[in-house]
Student: 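Please read through the structure below; I'll follow up with questions.
Just so we're on the same page: letters track the sequence lines, and every chain starts at 1.
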There are 4 protein chains.
Amino acid sequence: MAERADAARNRRAILRAAEELLTAHGPDRVSLEQVAAAAGVAKGTVFHRFTNKAGLIGALIMERLGAFQQGYTEGPPPLGPGAPARERLDAFFTALVDLVSRNVALMAAHERTSGHRQDNPIYTAWHEHVSGLLREARPDLDAEALGHILLGALHSDLIVHMLRTGEANRLVSALQTVTAALLDQPRGANEGRAAL
Amino acid sequence: MAERADAARNRRAILRAAEELLTAHGPDRVSLEQVAAAAGVAKGTVFHRFTNKAGLIGALIMERLGAFQQGYTEGPPPLGPGAPARERLDAFFTALVDLVSRNVALMAAHERTSGHRQDNPIYTAWHEHVSGLLREARPDLDAEALGHILLGALHSDLIVHMLRTGEANRLVSALQTVTAALLDQPRGANEGRAAL
Amino acid sequence: MAERADAARNRRAILRAAEELLTAHGPDRVSLEQVAAAAGVAKGTVFHRFTNKAGLIGALIMERLGAFQQGYTEGPPPLGPGAPARERLDAFFTALVDLVSRNVALMAAHERTSGHRQDNPIYTAWHEHVSGLLREARPDLDAEALGHILLGALHSDLIVHMLRTGEANRLVSALQTVTAALLDQPRGANEGRAAL
Amino acid sequence: MAERADAARNRRAILRAAEELLTAHGPDRVSLEQVAAAAGVAKGTVFHRFTNKAGLIGALIMERLGAFQQGYTEGPPPLGPGAPARERLDAFFTALVDLVSRNVALMAAHERTSGHRQDNPIYTAWHEHVSGLLREARPDLDAEALGHILLGALHSDLIVHMLRTGEANRLVSALQTVTAALLDQPRGANEGRAAL
DNA sequence: GGTTAAGCGAGACGGTACGTCACGTCTTCCT
DNA sequence: AGGAAGACGTGACGTACCGTCTCGCTTAACC
């Protein structure tokens with residue numbers, strides 16, 4: 001059955017109210033009752049729709065980041081397919097740091113309320129993308145583990161820390177430094193040490 | 001006045017009880033009332049001693065990680081001073097991943113209950129150590145940002161993820177791959193791209 | 001238009017399910033959703049048919065007590081017309097206590113969910129019957145008020161209490177004692193005190 | 001430990017607020033949250049103190065009816081000891097109808113939210129009083145059952161019904177008619193019929 | 001026997017109150 | 001006098017139920 005008209009209206013109202021309150025005060029200072037009140041809706045409705053606070057924040061995140069998914073899978077190069085791996089990685093991190101920066105509050109809320117990052121479908125997609133590109137350029141490296149390390153730089157804590165001094169671009173540069181170093185590294189240079 | 005005997009006894013009892021319960025069930029599933037009960041103490045005592053849940057977990061962490069501090073600042077090489085930067089970094093990450101792995105539950109609890117990582121004295125010390133060594137070996141790189149990225153790999157989420165498949169050593173290897181790549185990278189190789 | 005076949009089938013199924021659940025667990029422990037499920041029907045159907053919980057229980061009561069109505073208005077003596085008032089009253093209370101005893105759970109449910117007893121058509125009919133007979137035998141008494149008092153003995157609480165010890169017949173006896181005392185009382189014996 | 005000062009203050013505030021709201025709107029139209037708000041207290045406090053709505057109303061009833069207990073057990077005749085049973089019964093019902101009339105709303109609330117009347121300590125005390133006096137005057141009757149019947153007249157529904165027309169005194173008169181009839185009835189008059 | 005519109009069934013939905021839980025505080029008692 | 005004890009106040013959470021609403025289906029009456 002299609003979503004009822006009033007349901008859709010309330011869904012939007014709740015998301016908008018949640019977005020505003022969460023970005024303004026942070027997830028722990030906002031109760032779902034406040035969200036409900038701000039949306040002009042009863043508390044039960046919020047739970048009915050989004051199960052709990054994590055669900056609500058998750059839906060918000062999806063709304064924000066869902067569109068980005070397309071950009072790096074189907075969009076034009078250098079973000080999308082068609083460019084060499086290194087350039088796609090650089091573009092990906094640039095775009096991602098930017099995206100996360102613009103949604104820090106929500107991301108932080110999400111990290112606090114959700115479980116393991118690695119169980120999150122969005123993170124999983126990002127990781128597959130990054131490790132795929134790494135593997136493409138350097139099949140001899142442990143792309144999976146390296147992917148996790150690189151994406152670790154996108155924890156909201158760190159982003160906030162860098163944003164405080166207005167130096168988010170340093171983070172991008174550093175990430176690009178790392179990828180460059182990895183892709184340029186002579187093959188087998190690290191062989192003997194992996195056994196440690 | 002020195003700490004009274006009963007106070008010290010209770011302090012220890014609370015820490016032991018908290019440790020056991022937290023590692024068993026995670027921070028959100030354990031109330032301080034349970035901790036108090038398990039320690040054979042009243043709730044007020046727990047708060048009197050540790051202020052709140054974050055304080056209690058912080059004390060536990062300190063107890064566990066405090067000793068390690070000495071190892072990398074004053075201990076014997078390659079962890080302590082005396083070895084080349086790269087070896088010290090390798091040793092540091094090896095030891096740290098091991099340490100965190102053995103205390104994953106507590107670390108996760110700490111991450112959930114504390115504020116920004118970057119405001120935490122332990123993290124700060126780690127970061128100063130890592131970025132110091134990086135700077136020593138490669139003064140031309142942004143050691144500070146790179147330090148944060150490398151330490152990002154020690155988020156409990158990721159450790160847990162790697163431990164699930166018993167592959168924590170892959171994480172160590174990957175970290176060493178990254179440091180090796182960074183330290184071996186031709187100077188200035190990344191210059192032009194940082195401006196992106 | 002006559003009631004549709006499926007509608008009739010569902011109506012019966014709902015009544016049967018409601019009856020069973022209500023007598024088993026009491027009205028507050030049974031949701032209409034449970035009733036619907038037990039009847040193999042959607043919740044909306046229950047509301048469509050019976051408006052609300054009070055309506056459903058009311059319908060059940062009607063089903064049970066409706067037949068009795070005939071007994072005391074048109075049936076054979078001593079319950080029906082033809083016998084002296086005292087005997088009819090005795091027969092009425094005997095029959096009524098028995099009837100209520102056999103439907104205690106439903107009666108209790110009904111009392112809880114309906115409004116004032118005195119607004120209920122069934123109760124009204126009972127009261128008119130009883131006060132009519134009283135007035136017939138003793139026009140000098142306040143038959144209306146006495147009728148309410150006598151019928152007060154049929155509150156489910158009291159019936160349950162008496163049934164617990166298997167002494168419902170004591171209640172019948174006591175009621176008959178009261179009616180006998182009232183009808184035998186010398187006229188005007190109470191006159192002076194009513195002014196109190 | 002004695003009740004803390006703030007606890008006592010809150011207890012009183014809650015009772016006052018509950019009293020006012022309940023008598024004004026009835027129990028089903030008043031939420032404990034409203035009571036809490038009106039009392040200037042958090043919802044949790046109300047539950048902490050009174051467990052649930054039934055508990056709160058029960059406490060209110062106790063407060064109102066507790067004092068009356070003394071009147072008929074230790075007070076001056078004709079209510080208290082010293083007068084003949086019949087006069088004490090008359091006085092008791094007169095006083096009780098008056099008391100209930102003045103607290104109809106609360107009594108109705110109590111009946112709706114509590115369980116069986118017969119399990120209620122106040123009702124039990126009333127019943128023991130009434131049946132004791134009946135037994136004293138007429139040991140040959142079933143004082144226990146008759147006591148329940150007489151007290152049945154004090155159901156709030158009936159009181160409300162009588163109050164509607166300003167005829168609560170008719171109820172008192174009728175009750176006195178019944179007791180007079182019972183006490184005056186020739187001994188053994190009802191013998192043969194009890195076997196029915 | 002096919003058509004159709006009114007009644008009916010289904011269950012998602014909005015709303016309200018409830019009771020629970022854990023936190024952190026406060027007073028009081030004990031050592 | 002400092003520490004321990006636990007009653008207390010607080011507010012968010014998630015649950016349960018009610019009654020409503022919309023939409024799709026069925027069925028019985030009519031062509």
Student: By nearest heavy atom, map D28(D) and R11(C) onto DNA chain E; which one lands nearer the 5' end?
Tutor: R11(C)
Student: More 5' along DNA chain F: A8(D) or G40(B), using each one's nearest nucleotide?
Tutor: G40(B)
Student: Base, sugar-phosphate, or nothing for A5(C), non-hydrogen atoms under 4.0 angstrom?
Tutor: sugar-phosphate
Student: When the nearest nucleotide of DNA chain E is assigned to R29(D) and to E33(C) on a heavy-atom basis, which residue is associated with the more 5' position?
Tutor: E33(C)
Student: Within this structure, what is the CZ-to-C1' distance between F50(D) and dG19(E), rounded to whole angstrom?
Tutor: 16 Å
Student: Side-chain donor or acceptor of K43(A) under 3.5 Å from a matching atom on the base of dG14(F)?
Tutor: yes
Student: For H155(C) and H155(D), I'd like to know if the aromatic rings sit close, meaning centre-to-centre distance below 6.0 Å.
Tutor: yes
Student: Please report the distance, rounded to the nearest Å, between CG in N52(C) and C1' in dT20(F).
Tutor: 13 Å
Student: So which nucleotide from dA4(F), dT10(F), dG14(F) ends up closest to the side chain of D6(B)?
Tutor: dA4(F)
Student: Tell me which nucleotide among dC18(E), dG3(F), dC8(E) gets nearest to the side chain of R49(C).
Tutor: dC8(E)
Student: Rounding to an integer number of Å, can you tell me how far R9(D) CZ sits from dT10(F) P?
Tutor: 10 Å
Student: On DNA chain F, nearest-nucleotide positions of G44(B) versus H48(B): which is more 5'?
Tutor: H48(B)
Student: What is the separation between atom CG on L32(A) and atom C1' on dT15(F), rounded to the nearest whole Å?
Tutor: 14 Å
Student: Counting only heavy atoms not in E20(D) (residues, nucleotides, ligands), do more than 12 fall under 6.0 Å from its CD?
Tutor: no
Student: Whether E63(A) and R12(A) form a salt bridge (side-chain N of Lys/Arg under 4.0 Å from carboxylate O of Asp/Glu) is what I want to check.
Tutor: no
Student: When you get a sec, tell me which of dA10(E), dG15(E), dA5(F) is the closest nucleotide to the side chain of A42(C)?
Tutor: dA10(E)
Student: Is K53(B) close enough to dC23(E) that one of its side-chain N or O atoms is under 4.0 Å from OP1 or OP2 there?
Tutor: yes
Student: Between C1' on dC13(F) and CD1 on I57(A), what's the gap in Å once rounded to a whole number?
Tutor: 14 Å
Student: Under 4.0 Å: is that the gap between some side-chain N or O of N10(C) and OP1 or OP2 of dC8(E)?
Tutor: no
Student: The side chain of S31(A) is closest to which nucleotide in this list: dC13(E), dC13(F), dG3(F)?
Tutor: dC13(F)
Student: Using a 3.5 Å distance criterion without hydrogens, assess whether the side chain of E19(A) forms a donor-acceptor pair with backbone atoms of L60(A).
Tutor: no
Student: Report the nucleotide, chosen from dG15(E), dG9(E), dG19(E), that has the shortest atom-to-atom distance to any side-chain atom of T45(A).
Tutor: dG15(E)
Student: Do side-chain atoms of R112(B) reach the backbone of R112(A) as a donor and acceptor pair under 3.5 angstrom?
Tutor: yes
Student: Which of the following nucleotides, dG14(E), dG3(F), dC13(F), is nearest to the side chain of F47(A)?
Tutor: dC13(F)
